[in-house]
J.: 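Below is one structure. I have some questions about it.
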Amino acid sequence: MKKYDYLVVGSGLYGAVFAREAKKAGKSVLVIDKRPNIAGNVYTEDVEKIHVHKYGAHIFHTNNKKVWNYITQFAEFNRFTNSPVANYKGELYSLPFNMYTFNKMWGVVTPEEAEAKIEEQRKEITGEPKNLEEQAVSLVGRDIYEKLIKGYTEKQWGRDCTELPAFIIKRLPVRLTFDNNYFNAMYQGIPVGGYTKVVENLLDGIEIRLNTEYLEHKEELDALAEKVVYTGPIDAYFEYKLGTLEYRSVRFETELLDKPNFQGNAAVNYTDRETPWTRIIEHKWFEFGKDSEGNDIPKTVISREYSSEWKLGDEPYYPVNDEKNGALYAEYKKLAEKEEKVIFGGRLGEYKYYDMDAVIASALELCEKELGIITG
């Protein structure tokens, strides 16, 4: 008899949701994580009463009522609305592209005028767009592409827009209204107390071992449990024997500033190519600049984000879902399917860019299949 029914590798949302439901179903569970903290990339760290999103901004948004009902058991969510600002060489524009953007760009006032302007500029592209640049111009016109898409996208991907596939930007939110809500979702907000609190509540009463690198101690850890739920990189599990899957990585420069307000918004995107960072996050505005008692916080914390090519040893963030990597992942998936005692899941285990709600939905689906329980 093994000591545990399940060993869960990784304490992010996928692993935490599965661990919680497995324990509830009467299973014994051990959760391990290589980091010194739980919560994976949604980890928030308290700095001067500000919940700092250590691994990049996370804004919860979903149209999935089941997921919303599930996650709100573990935290109260505030009413934060994501309304980023674009800074192009000192000119400020509203995101997503809406009537405020079009008014600033062209001086148009009515939706009809905005539509006519976009229509006139889209004509430049005839036929099927061959790359990201042509796709973007065919959707929003040359002016918006040049100022608000081109530089940001090239920094994000480290490649010229003419070298990027059109599908990356197939759906650009373009609104002929004054709606500044970036996410078109029924439910949206930030957990009061930060995301770490959510994961703490999910893992309440479950045994956790931090600073534990699974692949370095695989044999002895596997010996502890009947089954493994693995949320690390799928290619690392197989020792990269078919090759390395590619990611984009992000580097953060975080500063505590002795002032109450740096930029007046949670997110400002820098859309020119010359500014080296892609955006600056000012964390306190995710919770309206208030501490847990509702008092104004006198200091602020900002993070500059720099996009980079991923190399072994870096934190993998965004899978490069092109044809080459898709084919390589398909080969790894075949190997994964032969591992009878291991379940591969989450962003890295499935080499898939997941929003938080989709991670939770996927974990709940696994619970129903694996544990035979109805969740939500």
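Just the heavy atoms: all of them, side chains too, but no hydrogens, waters or symmetry mates, feed the values below. Heads up: numbering here begins at 1 and tracks the sequence. All of these numbers come straight from a predicted model, not from anything done at the bench.
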J.: Go through it in stages, so that I can follow the logic: the residues are K241 and L335, the test is side-chain contact (heavy atoms from CB on, under 4.5 Å), and I'd like the CA-CA distance, side-chain angles, deciding distance and then a yes or no.
T.: CA-CA 11 Å; K241 66 181 177 188; L335 291 181; 3.7 Å; yes

J.: Given 3.5 Å as the limit, does a donor-acceptor pair link the side chain of D357 with the main chain of I360, or not?
T.: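 Side chain of D357 to backbone of I360: no pair is present.
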
J.: Any salt bridge linking R142 with E133? Criterion: basic side-chain nitrogen under 4.0 Å from a carboxylate oxygen.
T.: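 Yes, this pair counts.
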
J.: Tell me, with the steps shown, if R122 and E119 meet salt bridge (Lys or Arg N to Asp or Glu O under 4.0 Å).
T.: CA-CA 5 Å; R122 286 163 64 169; E119 204 48 56; 3.7 Å; yes

J.: Could you tell me whether a side-chain N or O of N64 sits under 3.5 Å from a main-chain N or O of V67, the two making a donor and an acceptor?
T.: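 Side chain of N64 to backbone of V67, a donor-acceptor pair under 3.5 Å: yes, one is there.
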
J.: Under a plain distance cut-off of 3.5 Å, with no hydrogens placed, do T196 and T44 share a side-chain donor-acceptor pair?
T.: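 A pair is found: one side chain offers a donor N or O, the other an acceptor, under 3.5 Å apart.
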
J.: Show the numbers, then the answer: is there a ring-ring contact (aromatic ring centres under 6.0 Å, His included) between F238 and F344?
T.: CA-CA 12 Å; F238 293 105; F344 293 80; 5.8 Å; yes

J.: Compute whether any side-chain donor of one residue and acceptor of the other, for T212 and H217, lie under 3.5 angstrom apart.
T.: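 Checked: T212/H217 side chains show no N/O donor-acceptor pair below 3.5 Å.
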
J.: Ion pair present between E154 and R159, side-chain N to carboxylate O less than 4.0 angstrom?
T.: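 The answer is no: the pair does not qualify as a salt bridge.
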
J.: Do E305 and R279 sit within salt-bridge range, that is, some charged N less than 4.0 Å from a carboxylate O?
T.: yes

J.: Can you tell me if CD on E76 sees more than 12 non-hydrogen neighbours from other groups inside 6.0 Å?
T.: no

J.: By salt bridge (Lys or Arg N to Asp or Glu O under 4.0 Å), which residues pair with K170, not counting sequence neighbours?
T.: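 Scan of K170 (salt bridge (Lys or Arg N to Asp or Glu O under 4.0 Å), adjacent residues dropped) gives none.
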
J.: Report the C-alpha distance between T231 and F18 in whole Å, list the side-chain angles of each, state the deciding distance to 0.1 Å, and finish with yes or no for side-chain contact (heavy atoms from CB on, under 4.5 Å).
T.: CA-CA 11 Å; T231 69; F18 180 81; over 6 Å; no

J.: Indicate the atoms forming the closest heavy-atom contact of V109 with M99, along with that distance.
T.: O-CE, 3.3 Å

J.: Does any donor atom in the side chain of D322 or N325 lie under 3.5 Å from an acceptor atom in the other side chain?
T.: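 The criterion, which ignores hydrogens and geometry beyond distance, is satisfied for N325 and D322.
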
J.: Shared ILVMFWY cluster between V174 and V137, side chains joined below 4.5 angstrom?
T.: yes

J.: Quick one: do the Y237 and E339 side chains pair a donor with an acceptor below 3.5 Å?
T.: yes

J.: Would you indicate whether K333, at its atom NZ, is surrounded by more than 12 heavy atoms from other residues, nucleotides or ligands within a distance under 6.0 Å?
T.: no

J.: Quick check on the 6.0 Å ring-centre criterion: do Y332 and Y351 meet it?
T.: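 Here the rings of Y351 and Y332 have centres that are no less than 6.0 Å from each other.
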
J.: Between N78 (side chain only) and F286 (backbone N and O only), is there a donor and an acceptor less than 3.5 Å apart?
T.: yes

J.: Is the number of heavy atoms from other residues, nucleotides or ligands under 6.0 Å of E213 CD greater than 12?
T.: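 Yes, the 6.0 Å shell around CD holds more than 12 heavy atoms from other groups.
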
J.: Quick one: does any side-chain atom of N269 pair with a main-chain N or O of T271 as donor and acceptor, under 3.5 Å?
T.: no

J.: Membership question, hydrophobic clusters at under 4.5 Å side-chain separation (ILVMFWY): are V229 and Y70 in the same one?
T.: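 Same hydrophobic cluster.
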
J.: Which is it for Y14 and Y354 under the ring-ring contact (aromatic ring centres under 6.0 Å, His included) test, yes or no, and what are the steps along the way?
T.: CA-CA 11 Å; Y14 190 95; Y354 267 133; 7.6 Å; no

J.: Taking atom CD as the centre, does E239 end up with more than 12 heavy-atom neighbours from other residues, nucleotides or ligands that are less than 6.0 angstrom away?
T.: no

J.: Would E21 and K27 count as a salt bridge (Lys or Arg N to Asp or Glu O under 4.0 Å) if you check the C-alpha gap in whole Å, the side-chain angles of each, and the deciding distance to 0.1 Å?
T.: CA-CA 9 Å; E21 294 305 315; K27 306 292 185 187; over 6 Å; no

J.: Taking the side chain as everything from C-beta on, heavy atoms only, tell me whether Y152 gets closer than 4.5 Å to T278.
T.: yes

J.: Using modelled atom types only, decide if a donor and an acceptor are shared between the side chain of Y195 and the backbone of H58 within a distance under 3.5 Å.
T.: yes

J.: Between NZ of K123 and CD1 of I118, what distance do you get to the nearest 0.5 Å?
T.: 13.0 Å

J.: Donor-acceptor pair, S307 side chain versus Q156 backbone, under 3.5 Å?
T.: yes

J.: Any chance you could lay out the side-chain hydrogen bond (donor to acceptor under 3.5 Å, both in side chains) test for Q121 and Y145, step after step, and finish with the verdict?
T.: CA-CA 10 Å; Q121 294 201 356; Y145 166 71; over 6 Å; no

J.: Tell me the closest heavy-atom pair linking I297 and E48, and the distance in Å.
T.: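 Smallest interatomic distance, heavy atoms only, reads CG2-O, 3.6 Å.
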
J.: Cation-pi check for Y93 against K104: NZ or CZ below 6.0 Å from the six-membered ring centre and within 45 degrees of the axis, yes or no?
T.: yes

J.: Does a salt bridge link E331 with K334, judged by any charged N lying under 4.0 Å from a carboxylate O?
T.: yes

J.: Could I get the full list of salt bridge (Lys or Arg N to Asp or Glu O under 4.0 Å) partners for K65, not counting sequence neighbours?
T.: none

J.: Tell me whether Y55 at atom OH has more than 12 heavy atoms from other residues, nucleotides or ligands lying less than 6.0 Å away.
T.: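 Counting other residues, nucleotides and ligands, OH of Y55 exceeds 12 neighbours.
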
J.: Under the rule for salt bridge (Lys or Arg N to Asp or Glu O under 4.0 Å), what residues qualify as partners of E91, not counting sequence neighbours?
T.: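 If we apply the salt bridge (Lys or Arg N to Asp or Glu O under 4.0 Å) test to E91, skipping adjacent residues, the hits are K147.
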
J.: Here's a test for you: under side chain to side chain contact (heavy atoms under 4.5 Å, CB included), which of I206, L224, I208, D5 qualifies with L30?
T.: L224

J.: Using ring-ring contact (aromatic ring centres under 6.0 Å, His included), reason through Y318 and W157 one step at a time and then give a plain yes or no.
T.: CA-CA 10 Å; Y318 304 105; W157 291 97; 7.3 Å; no

J.: Any link between Y182 and F60 through a network of hydrophobic side chains (Ile, Leu, Val, Met, Phe, Trp, Tyr) touching at under 4.5 Å?
T.: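 Same hydrophobic cluster.
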
J.: In sequence, state the C-alpha distance, the side-chain angles, and the governing distance for K66 and E368, and then conclude on salt bridge (Lys or Arg N to Asp or Glu O under 4.0 Å).
T.: CA-CA 13 Å; K66 176 181 169 178; E368 292 177 11; 2.8 Å; yes

J.: Could you tell me whether E115 atom CD has more than 12 heavy atoms of other residues or ligands within 6.0 Å of it?
T.: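 For E115, atom CD is not crowded (no more than 12 foreign heavy atoms under 6.0 Å).
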
J.: Check for a donor-acceptor pair, side chain of D235 on one end and backbone N or O of Y240 on the other, with a separation under 3.5 Å.
T.: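 Not confirmed, D235 side chain does not pair with Y240 backbone.
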
J.: Measure the shortest side-chain to side-chain distance between W310 and L312 over non-hydrogen atoms and say whether it is less than 4.5 angstrom.
T.: yes

J.: Under a 3.5 Å distance rule, please check whether T300 uses its side chain to pair with a backbone N or O of K259 as donor and acceptor.
T.: no

J.: For atom NZ of K130, decide whether the heavy atoms of other residues, nucleotides or ligands shown that lie under 6.0 angstrom number more than 12.
T.: no

J.: Strictly distance-based, threshold 3.5 Å: is any side-chain N or O of E282 a donor or acceptor partner for the main-chain N or O of I302?
T.: no

J.: For the CG atom of D160 and the OG1 atom of T153, what is their distance to the nearest 0.5 Å?
T.: 11.5 Å

J.: Would the distance check show the side chain of R347 and the main-chain N or O of Y317 forming a donor-acceptor pair, the cut-off being under 3.5 Å?
T.: yes

J.: So if you build clusters from Ile, Leu, Val, Met, Phe, Trp, Tyr with side-chain heavy-atom gaps below 4.5 Å, do L203 and Y43 land together?
T.: no

J.: Could you please spell out the steps behind the side-chain contact (heavy atoms from CB on, under 4.5 Å) verdict for T72 and Y187?
T.: CA-CA 11 Å; T72 50; Y187 309 102; over 6 Å; no

J.: Does NZ or CZ of R175 come closer than 6.0 Å to the centre of the six-membered ring of F102, within 45° of the ring's axis?
T.: no

J.: What is the ring orientation for F80 with F288, classed by angle as parallel under 30°, tilted 30 to 60°, or perpendicular over 60°?
T.: tilted

J.: Give the cluster check for V192 versus I59: same hydrophobic cluster or not, with ILVMFWY residues linked at side-chain heavy-atom distances below 4.5 Å.
T.: no

J.: I'd like to know if the side chain of E207 pairs up with that of Y4 as donor and acceptor (distance under 3.5 Å, no hydrogens or angles considered).
T.: yes

